[in-house]
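Sequence positions, counted from 1, serve as the residue numbers for this chain.
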Amino acid sequence: MNHATIRLYQELINFLAPGETPPGELRGEVRKSFIGNPAVKDLIESLGVPHTEVDLVVVNGDSVGFDYPVHDGDRIAVYPVFESFDVSPVSRVRNTPLRRTRFILDVHLGKLARVLRMLGFDALYDNCWDDPEIVGRGIEEHRIILTRDHGILKRREVSHGYLVRSDDPIEQAAEVVRRFDLAGDIRPFERCTACNGTIEPVAKNTVEHELLPGTRESFSEFFRCSGCGRIYWKGTHYDKMLEKIEAVLARSGNGRGSRASRRAGPKDRSQ
(Lines give C-alpha, C1' and ligand atoms only; values in the text may rest on other atoms or scores of the structure.)
Protein backbone atom coordinates (compact mmCIF):
# COMPACT_ATOMS: atom_id res chain seq x y z
CA MET A 1 0.00 0.00 0.00
CA ASN A 2 1.34 3.44 -1.00
CA HIS A 3 0.80 6.70 0.87
CA ALA A 4 0.80 10.39 -0.05
CA THR A 5 0.32 13.51 2.05
CA ILE A 6 -2.28 15.89 0.66
CA ARG A 7 -2.60 19.45 1.98
CA LEU A 8 -5.72 21.40 1.07
CA TYR A 9 -5.73 25.18 1.30
CA GLN A 10 -8.33 27.84 2.05
CA GLU A 11 -11.96 26.92 1.31
CA LEU A 12 -11.02 23.48 -0.05
CA ILE A 13 -10.63 22.37 3.57
CA ASN A 14 -14.41 22.67 3.94
CA PHE A 15 -14.90 19.68 1.65
CA LEU A 16 -13.18 17.33 4.10
CA ALA A 17 -15.45 15.16 6.20
CA PRO A 18 -15.42 15.96 9.94
CA GLY A 19 -12.40 14.31 11.56
CA GLU A 20 -10.67 13.70 8.21
CA THR A 21 -7.54 15.54 9.35
CA PRO A 22 -5.79 13.30 11.90
CA PRO A 23 -5.17 14.72 15.40
CA GLY A 24 -1.86 16.51 15.61
CA GLU A 25 -1.71 17.19 11.86
CA LEU A 26 -2.02 20.57 10.18
CA ARG A 27 -5.61 21.56 9.41
CA GLY A 28 -6.42 20.41 5.91
CA GLU A 29 -3.55 17.89 5.76
CA VAL A 30 -4.46 14.26 5.08
CA ARG A 31 -2.37 11.12 4.72
CA LYS A 32 -3.98 9.14 1.91
CA SER A 33 -3.46 5.46 1.10
CA PHE A 34 -3.68 4.19 -2.48
CA ILE A 35 -2.79 1.32 -4.77
CA GLY A 36 -0.73 1.74 -7.94
CA ASN A 37 -0.30 5.22 -9.38
CA PRO A 38 -3.70 6.95 -9.59
CA ALA A 39 -4.08 10.33 -11.25
CA VAL A 40 -3.80 13.16 -8.76
CA LYS A 41 -7.27 14.30 -9.84
CA ASP A 42 -8.78 11.02 -8.65
CA LEU A 43 -6.94 11.15 -5.34
CA ILE A 44 -8.08 14.72 -4.69
CA GLU A 45 -11.69 13.89 -5.54
CA SER A 46 -11.59 10.87 -3.24
CA LEU A 47 -11.39 13.45 -0.42
CA GLY A 48 -14.66 15.01 -1.61
CA VAL A 49 -13.10 17.94 -3.48
CA PRO A 50 -14.55 18.46 -7.01
CA HIS A 51 -11.73 19.11 -9.48
CA THR A 52 -13.55 22.21 -10.74
CA GLU A 53 -12.76 23.83 -7.39
CA VAL A 54 -9.01 23.37 -7.95
CA ASP A 55 -6.75 25.70 -9.92
CA LEU A 56 -3.28 24.66 -8.85
CA VAL A 57 -1.70 21.38 -7.74
CA VAL A 58 1.90 21.27 -6.53
CA VAL A 59 3.65 17.91 -5.98
CA ASN A 60 7.02 17.89 -4.21
CA GLY A 61 7.46 21.57 -5.08
CA ASP A 62 6.53 21.34 -8.79
CA SER A 63 3.19 22.32 -10.34
CA VAL A 64 1.49 19.43 -12.18
CA GLY A 65 -1.63 18.68 -14.19
CA PHE A 66 -4.59 16.57 -13.14
CA ASP A 67 -3.16 13.55 -14.98
CA TYR A 68 -0.01 13.39 -12.84
CA PRO A 69 0.46 9.78 -11.55
CA VAL A 70 0.84 9.88 -7.79
CA HIS A 71 3.79 7.99 -6.28
CA ASP A 72 4.47 6.65 -2.83
CA GLY A 73 5.68 9.43 -0.52
CA ASP A 74 4.49 12.34 -2.65
CA ARG A 75 3.58 15.56 -0.88
CA ILE A 76 0.67 17.22 -2.66
CA ALA A 77 -0.52 20.80 -2.14
CA VAL A 78 -3.94 21.66 -3.57
CA TYR A 79 -5.08 25.27 -4.02
CA PRO A 80 -8.49 26.76 -4.94
CA VAL A 81 -9.13 29.04 -7.91
CA PHE A 82 -7.05 32.19 -8.22
CA GLU A 83 -9.31 34.79 -9.82
CA SER A 84 -7.59 37.92 -8.55
CA PHE A 85 -3.97 36.86 -8.26
CA ASP A 86 -1.13 36.45 -10.75
CA VAL A 87 0.09 32.84 -10.60
CA SER A 88 1.73 32.93 -14.05
CA PRO A 89 5.10 31.58 -12.84
CA VAL A 90 3.47 28.19 -12.16
CA SER A 91 1.35 25.87 -14.27
CA ARG A 92 -2.36 25.85 -13.63
CA VAL A 93 -4.22 22.56 -13.96
CA ARG A 94 -6.33 23.85 -16.88
CA ASN A 95 -5.28 25.24 -20.27
CA THR A 96 -7.92 27.96 -20.46
CA PRO A 97 -8.96 30.56 -17.87
CA LEU A 98 -11.54 29.39 -15.39
CA ARG A 99 -13.44 32.66 -15.38
CA ARG A 100 -16.32 32.98 -17.79
CA THR A 101 -19.41 35.14 -17.66
CA ARG A 102 -21.67 32.53 -19.26
CA PHE A 103 -23.40 30.12 -16.91
CA ILE A 104 -25.66 27.10 -16.89
CA LEU A 105 -27.46 26.21 -13.66
CA ASP A 106 -28.82 22.96 -12.27
CA VAL A 107 -32.40 22.26 -11.21
CA HIS A 108 -31.85 23.57 -7.67
CA LEU A 109 -30.86 27.11 -8.74
CA GLY A 110 -33.83 28.62 -10.55
CA LYS A 111 -34.02 31.68 -8.29
CA LEU A 112 -30.28 32.28 -8.67
CA ALA A 113 -30.69 32.17 -12.46
CA ARG A 114 -33.20 35.03 -12.30
CA VAL A 115 -30.92 37.12 -10.08
CA LEU A 116 -27.92 36.57 -12.37
CA ARG A 117 -30.01 37.58 -15.37
CA MET A 118 -31.15 40.69 -13.50
CA LEU A 119 -27.46 41.52 -13.06
CA GLY A 120 -26.97 41.14 -16.80
CA PHE A 121 -25.27 37.73 -16.92
CA ASP A 122 -25.98 35.02 -19.48
CA ALA A 123 -27.49 32.29 -17.29
CA LEU A 124 -29.20 29.26 -18.84
CA TYR A 125 -31.68 27.33 -16.70
CA ASP A 126 -34.44 24.80 -17.23
CA ASN A 127 -35.84 22.68 -14.41
CA CYS A 128 -36.36 19.82 -16.87
CA TRP A 129 -32.66 19.37 -17.66
CA ASP A 130 -30.90 16.40 -16.10
CA ASP A 131 -27.19 16.30 -15.22
CA PRO A 132 -25.96 14.85 -18.56
CA GLU A 133 -27.80 17.56 -20.50
CA ILE A 134 -26.43 20.32 -18.26
CA VAL A 135 -22.90 18.96 -18.64
CA GLY A 136 -23.28 18.55 -22.41
CA ARG A 137 -24.58 22.07 -22.95
CA GLY A 138 -22.02 23.50 -20.57
CA ILE A 139 -19.17 21.95 -22.53
CA GLU A 140 -20.62 22.71 -25.96
CA GLU A 141 -21.38 26.36 -25.15
CA HIS A 142 -18.34 26.96 -22.91
CA ARG A 143 -20.41 27.75 -19.83
CA ILE A 144 -19.56 27.51 -16.15
CA ILE A 145 -21.80 24.98 -14.43
CA LEU A 146 -23.35 26.31 -11.22
CA THR A 147 -24.73 23.57 -9.00
CA ARG A 148 -25.59 22.45 -5.50
CA ASP A 149 -24.59 18.86 -6.34
CA HIS A 150 -21.02 17.66 -5.69
CA GLY A 151 -21.51 14.76 -8.10
CA ILE A 152 -21.98 16.76 -11.28
CA LEU A 153 -18.68 18.59 -10.71
CA LYS A 154 -16.76 15.33 -10.28
CA ARG A 155 -17.53 14.23 -13.82
CA ARG A 156 -14.25 14.00 -15.70
CA GLU A 157 -15.52 15.93 -18.70
CA VAL A 158 -16.46 18.97 -16.58
CA SER A 159 -13.70 21.58 -16.44
CA HIS A 160 -15.54 24.77 -15.44
CA GLY A 161 -17.94 24.72 -12.52
CA TYR A 162 -18.70 26.01 -9.07
CA LEU A 163 -20.46 24.46 -6.08
CA VAL A 164 -22.88 27.05 -4.71
CA ARG A 165 -22.85 26.98 -0.90
CA SER A 166 -25.73 29.19 0.26
CA ASP A 167 -29.47 28.51 0.12
CA ASP A 168 -30.37 32.19 -0.30
CA PRO A 169 -30.47 33.44 -3.93
CA ILE A 170 -29.04 36.88 -3.10
CA GLU A 171 -26.17 35.34 -1.16
CA GLN A 172 -25.73 32.77 -3.96
CA ALA A 173 -25.38 35.58 -6.50
CA ALA A 174 -22.88 37.31 -4.20
CA GLU A 175 -20.89 34.06 -4.07
CA VAL A 176 -20.74 33.90 -7.86
CA VAL A 177 -19.80 37.58 -8.23
CA ARG A 178 -17.13 37.22 -5.55
CA ARG A 179 -15.72 33.92 -6.81
CA PHE A 180 -15.39 34.99 -10.43
CA ASP A 181 -14.57 38.66 -9.76
CA LEU A 182 -17.57 39.89 -11.75
CA ALA A 183 -18.55 43.08 -9.94
CA GLY A 184 -17.17 45.20 -12.78
CA ASP A 185 -19.11 43.18 -15.37
CA ILE A 186 -22.58 43.76 -13.90
CA ARG A 187 -24.96 45.39 -16.39
CA PRO A 188 -28.38 45.53 -14.70
CA PHE A 189 -31.54 44.82 -16.67
CA GLU A 190 -29.85 43.88 -19.94
CA ARG A 191 -31.31 40.35 -19.87
CA CYS A 192 -34.80 38.99 -19.52
CA THR A 193 -35.24 37.37 -16.11
CA ALA A 194 -37.79 34.98 -17.59
CA CYS A 195 -35.94 33.53 -20.58
CA ASN A 196 -32.36 34.93 -20.56
CA GLY A 197 -32.84 36.81 -23.84
CA THR A 198 -31.37 40.27 -24.37
CA ILE A 199 -33.55 43.34 -23.81
CA GLU A 200 -33.65 46.18 -26.34
CA PRO A 201 -35.43 49.58 -26.47
CA VAL A 202 -38.67 49.63 -28.43
CA ALA A 203 -40.88 52.51 -29.57
CA LYS A 204 -44.03 52.91 -27.50
CA ASN A 205 -46.27 53.04 -30.55
CA THR A 206 -45.13 49.54 -31.54
CA VAL A 207 -46.17 47.93 -28.23
CA GLU A 208 -48.96 50.14 -26.84
CA HIS A 209 -51.63 47.80 -28.19
CA GLU A 210 -50.21 45.11 -25.86
CA LEU A 211 -50.29 47.30 -22.74
CA LEU A 212 -52.94 47.75 -20.09
CA PRO A 213 -54.54 51.22 -20.11
CA GLY A 214 -52.85 52.29 -16.85
CA THR A 215 -49.42 51.27 -18.09
CA ARG A 216 -49.96 52.93 -21.46
CA GLU A 217 -50.90 56.22 -19.80
CA SER A 218 -48.20 56.23 -17.09
CA PHE A 219 -45.04 55.24 -18.94
CA SER A 220 -43.28 56.35 -22.10
CA GLU A 221 -40.12 54.18 -22.26
CA PHE A 222 -40.43 50.49 -23.08
CA PHE A 223 -38.16 47.56 -23.83
CA ARG A 224 -38.74 44.14 -25.34
CA CYS A 225 -36.99 40.83 -24.85
CA SER A 226 -35.48 39.56 -28.09
CA GLY A 227 -36.22 36.00 -27.01
CA CYS A 228 -39.72 35.69 -25.58
CA GLY A 229 -41.11 39.10 -26.56
CA ARG A 230 -41.82 40.10 -22.96
CA ILE A 231 -42.27 43.87 -22.55
CA TYR A 232 -40.45 45.78 -19.82
CA TRP A 233 -40.74 49.26 -18.38
CA LYS A 234 -39.59 51.16 -15.29
CA GLY A 235 -42.46 50.08 -13.10
CA THR A 236 -43.15 49.69 -9.41
CA HIS A 237 -40.68 46.86 -8.92
CA TYR A 238 -37.73 48.90 -10.16
CA ASP A 239 -36.56 50.19 -6.77
CA LYS A 240 -36.89 46.75 -5.19
CA MET A 241 -34.75 45.24 -7.91
CA LEU A 242 -32.14 47.95 -7.44
CA GLU A 243 -32.07 47.08 -3.74
CA LYS A 244 -31.38 43.44 -4.64
CA ILE A 245 -28.50 44.48 -6.88
CA GLU A 246 -27.05 46.64 -4.09
CA ALA A 247 -27.41 43.70 -1.68
CA VAL A 248 -25.55 41.35 -4.03
CA LEU A 249 -22.65 43.77 -4.37
CA ALA A 250 -22.56 44.52 -0.66
CA ARG A 251 -22.48 40.83 0.24
CA SER A 252 -19.84 40.13 -2.38
CA GLY A 253 -17.56 42.56 -0.57
CA ASN A 254 -17.55 45.10 -3.39
CA GLY A 255 -18.10 48.80 -2.74
CA ARG A 256 -19.27 49.70 -6.24
CA GLY A 257 -22.93 48.96 -5.72
CA SER A 258 -24.20 52.48 -6.18
CA ARG A 259 -22.27 52.96 -9.43
CA ALA A 260 -23.59 49.66 -10.79
CA SER A 261 -27.13 50.72 -9.96
CA ARG A 262 -26.74 54.07 -11.68
CA ARG A 263 -25.82 52.18 -14.86
CA ALA A 264 -29.12 50.37 -14.70
CA GLY A 265 -31.36 50.75 -17.70
CA PRO A 266 -35.01 51.78 -17.25
CA LYS A 267 -36.44 48.31 -17.58
CA ASP A 268 -37.59 45.96 -14.91
CA ARG A 269 -41.26 45.12 -15.23
CA SER A 270 -43.33 43.37 -17.83
CA GLN A 271 -46.96 43.06 -18.87
Please tell me if the side chains of K244 and M118 come closer than 4.5 Å, counting only heavy atoms from C-beta onward. yes
Angle between ring planes, W233 versus F219, binned at 30° and 60°: parallel, tilted or perpendicular? tilted
Are the side chain of S218 and the backbone of G214 linked by a donor-acceptor contact shorter than 3.5 Å? yes
Can you measure from OG (S252) to CD1 (I170) and round to the nearest 0.5 angstrom? 11.5 Å
Is a side-chain donor-acceptor pair under 3.5 Å present for D74 with Y68? yes
Beyond-backbone contact of N196 with Y125, side-chain heavy atoms, under 4.5 angstrom: no
Salt-bridge contact R179-E53 (side-chain N to carboxylate O under 4.0 Å): yes
Which residue, L109, L146, V115, forms the side-chain contact (heavy atoms from CB on, under 4.5 Å) with V176? L146
Among all residues two or more places apart in sequence or in another chain, which pass the ring pair (Phe, Tyr, Trp, His ring centres under 6.0 Å) test with F15? H150
Is Y238 close to T236 at the side-chain level, that is, under 4.5 Å between some pair of heavy atoms? no
Is N2 close to I35 at the side-chain level, that is, under 4.5 Å between some pair of heavy atoms? no
Check whether H51 reaches the backbone of V158 with its side chain - one donor and one acceptor, N or O, closer than 3.5 Å. yes
How would you list, by chain and number, every residue that makes a side chain to side chain donor-acceptor pair (under 3.5 Å) with D62, sequence neighbours excluded? none
Evaluate E208 against K204 for salt bridge (Lys or Arg N to Asp or Glu O under 4.0 Å), listing each step before the verdict. CA-CA 6 Å; E208 57 185 355; K204 180 177 180 178; 5.3 Å; no
Decide yes or no on side chain to side chain contact (heavy atoms under 4.5 Å, CB included) for I104 and E141, but give the supporting numbers first. CA-CA 9 Å; I104 186 167; E141 300 178 21; over 6 Å; no
Rounded at 0.5 Å granularity, tell me how far OG in S159 sits from CD1 in I139. 7.0 Å
Can you tell if the side chain of R251 reaches within under 4.5 Å of the side chain of D168, non-hydrogen atoms only? yes
Determine yes or no for a side-chain-to-main-chain donor-acceptor pair under 3.5 angstrom, with T5 supplying the side chain and R31 the backbone. no
Kindly determine whether V70 and I76 satisfy side chain to side chain contact (heavy atoms under 4.5 Å, CB included), including the steps that lead there. CA-CA 9 Å; V70 182; I76 304 168; 4.0 Å; yes
Would you call E45 and R155 a salt bridge, using N to O less than 4.0 angstrom? no
Does this structure show an ion pair linking R224 with E210, if we count only N-O contacts that are shorter than 4.0 Å? yes
Shortest non-hydrogen contact from L163 toward R148: CD1-C, 3.6 Å
Where is the tightest heavy-atom contact between K154 and K41, given as atom of each residue plus distance? O-NZ, 3.9 Å
Looking at H71 and P69, would you say the former's side chain and the latter's main chain have a donor-acceptor pair under 3.5 Å? yes
Determine yes or no for a side-chain-to-main-chain donor-acceptor pair under 3.5 angstrom, with Q172 supplying the side chain and S166 the backbone. yes
For G120, does its backbone N or O pair with a side-chain atom of R187 as donor and acceptor, under 3.5 Å? no
Determine yes or no for a side-chain-to-main-chain donor-acceptor pair under 3.5 angstrom, with R191 supplying the side chain and R117 the backbone. no
Going from CD1 on I199 to OG on S226, what distance comes out if it is rounded to the nearest 0.5 angstrom? 8.5 Å
Looking at SG of C192 and CD1 of I231, how far apart are the two atoms once the value is rounded to the nearest 0.5 Å? 11.5 Å
Shortest non-hydrogen contact from L105 toward I134: O-CD1, 4.0 Å
Quick one: CD1 on I44 to CG on L8, what's the gap to the nearest 0.5 Å? 8.0 Å
Does L119 reach the side chain of F189, with side-chain heavy atoms less than 4.5 Å apart? no
Find out whether F180 and I144 are in side-chain contact, i.e. whether some heavy atom of one side chain is under 4.5 Å from a heavy atom of the other. yes
R143 and D122: which non-hydrogen atoms are nearest, and at how many Å? NH1-OD1, 2.9 Å
Any heavy-atom pair between the side chains of P80 and D55 that's under 4.5 Å? no
Would you sort out whether Y162 and L153 count as a side chain to side chain contact (heavy atoms under 4.5 Å, CB included), showing the intermediate values? CA-CA 8 Å; Y162 174 65; L153 295 182; 5.7 Å; no
Between H3 and D72, does the side chain to side chain contact (heavy atoms under 4.5 Å, CB included) criterion hold? Intermediate values first, please. CA-CA 5 Å; H3 299 85; D72 186 35; 4.2 Å; yes
F121 CZ to E190 CD distance, which is reported to the nearest 0.5 Å: 10.5 Å
Between V40 and G65 the two heavy atoms that sit nearest each other are CG1-O, 3.4 Å
For residues R165 and E175, report the shortest heavy-atom separation together with the two atoms involved. N-OE1, 2.9 Å
